[in-house]
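Worksheet: the structure to be examined is printed underneath.
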Amino acid sequence: MGFEAVLEELEVLTEDIELDAEPDDPVDGAEKLRVTLCVHYTDEYPDALPELSLKPVEGEVDDQELDGILQGLRSVGNDSIGMAMTFTLVSHLREQLSHLVRIRAERCEKEEKEKERLALEEEEARTRGTPVTIESFKAWKVAFDKKIAMKRMRAEEEKMKGLTTKEREELKRVASRLTGRQLFERGDRNLEDDALLEEGTVSVDASQYERQEIEEEQEDEGVTFSDSD
């Protein structure tokens, strides 16, 4: 005897039956889902719908999902008024469970893809850094120049502390004179180095301070030059 025939016989012999149902088209890797369809036949059946309810057996089904399934079952049952409908109800229930499983799988896949997209964007932003614009570069340059100026000033103050009063005055005098390049640009090519020194002054090698200062700036900027450059 087929399943449909058994159900029709049960409709005659009993007032209540419970039938377990699973998706007829399960999705690989998806959570298993099984519910029990509870059917109570009234005296008006099959000219009226039986009383229907659902009980989750395996897997999670919330109240909203259960209500949606029951509405679908009642709609199908109304189309079968006047004839045995239990088999039709069970078949429709299995289809609805399959639909629910597919929706969940698609939602889960979509959420995973969204997580991957956000993670990729975060990684790209981390490795790419902040885009440089004209305004941001100008702001950085002002801050950078200020930082270098402060370092130079502190370094100069430290150097001056180790000199005598006379040496400090001579260093200031040397620093205030035009450099060789400036003299060259002015056209003073015939000036001798000895003419730049005054008699009785203390000799201070200012170049060592200048070179040290340049090297410190180059180290700050990550650039290194050798003596052969």
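Values below: all heavy atoms of this structure, side chains included; hydrogens, waters and symmetry mates excluded. Numbering of residues begins at 1 and proceeds along the displayed sequence.
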Say you draw a straight line from [atom1] of [X] to [atom2] of [Y]; how long is it, rounded to the nearest 0.5 Å?
X     : Y     : atom1 : atom2 : answer
Leu97 : His92 : CG    : NE2   : 10.0 Å
Asp63 : Glu65 : CG    : CD    : 9.5 Å
Asp47 : Ile81 : CG    : CD1   : 7.5 Å
Leu52 : Cys38 : CG    : SG    : 9.5 Å
Ile17 : Thr86 : CD1   : OG1   : 4.5 Å
His99 : Asp25 : NE2   : CG    : 12.5 Å

Which pair of non-hydrogen atoms, one from [X] and one from [Y], has the smallest distance, and what is that distance?
X     : Y      : result
Leu66 : Pro56  : CD1-CG, 4.1 Å
Thr88 : Ser80  : CG2-OG, 4.3 Å
Gly77 : Met85  : O-CE, 3.7 Å
Ala21 : Leu93  : CB-CD2, 3.5 Å
Val61 : Arg104 : CA-NH2, 3.7 Å
Ala84 : Tyr45  : CA-OH, 3.5 Å

TODO: If a pair satisfies side chain to side chain donor-acceptor pair (under 3.5 Å) and one of its residues is in residues 114-123, list it, with sequence neighbours excluded.
DONE: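 Qualifying pairs: Glu114-Arg117, Arg117-Glu121, Glu123-Arg126.
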Residue list, side-chain hydrogen bond (donor to acceptor under 3.5 Å, both in side chains) with [X], at least two apart or on another chain:
X      : value
Thr42  : Glu44
Thr133 : Ser136
Arg94  : none
Asp62  : none

Open item on the list: I'd like to know whether Glu109 forms a salt bridge (Lys or Arg N to Asp or Glu O under 4.0 Å) with Lys113, so could you lay out the CA-CA distance, the side-chain angles of the two residues, the decisive distance to 0.1 Å, and finally the verdict.
Closed with: CA-CA 6 Å; Glu109 182 180 1; Lys113 288 183 178 180; 3.5 Å; yes
Open item on the list: Checking the side chain of Ser91 only, and the main-chain atoms of Phe87 only, is there a donor and an acceptor separated by less than 3.5 Å?
Closed with: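 Flag set: sc Ser91 to bb Phe87 pair under 3.5 Å.
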Task: Crowding at CG, Asp79 (>12 non-hydrogen neighbours, <6.0 Å) - done: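 Enclosed: over 12 neighbouring heavy atoms sit under 6.0 Å from CG of Asp79.
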Open item on the list: Quick check on Leu118: does its CG atom have over 12 non-hydrogen neighbours (other residues, nucleotides or ligands) under 6.0 Å away?
Closed with: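 For Leu118, atom CG is crowded (more than 12 foreign heavy atoms under 6.0 Å).
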Open item on the list: Set out, in order, the CA-CA distance, both residues' side-chain angles and the distance that settles side-chain contact (heavy atoms from CB on, under 4.5 Å) for Leu70 and Arg74, then state yes or no.
Closed with: CA-CA 6 Å; Leu70 282 173; Arg74 294 186 180 110; 3.7 Å; yes
Open item on the list: Show, in sequence, the C-alpha distance, side-chain angles and deciding distance for Ile69 and Val35, and conclude whether the side-chain contact (heavy atoms from CB on, under 4.5 Å) test is met.
Closed with: CA-CA 11 Å; Ile69 294 173; Val35 299; 6.0 Å; no
Open item on the list: According to salt bridge (charged side-chain N to carboxylate O under 4.0 Å, His left out), does anything in residues 48-61 pair up with another residue at least two apart or in another chain? List the pairs.
Closed with: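 Checked against salt bridge (charged side-chain N to carboxylate O under 4.0 Å, His left out) - neighbours excluded - the pairs reaching residues 48-61 are Glu18-Lys55, Arg34-Glu58.
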TODO: For the pair Leu100 and Gln96, evaluate side-chain contact (heavy atoms from CB on, under 4.5 Å) and give the outcome as yes or no after the intermediate values.
DONE: CA-CA 6 Å; Leu100 179 58; Gln96 286 190 295; over 6 Å; no
Task: Leu54/Leu37 under side-chain contact (heavy atoms from CB on, under 4.5 Å): CA gap, chis, key distance, verdict - done: CA-CA 5 Å; Leu54 293 170; Leu37 173 62; 3.8 Å; yes
- [ ] Please check if Phe137 and Ile148 belong to a single hydrophobic cluster, counting links between Ile, Leu, Val, Met, Phe, Trp and Tyr side chain heavy atoms closer than 4.5 Å.
- [x]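 Phe137 clusters together with Ile148.
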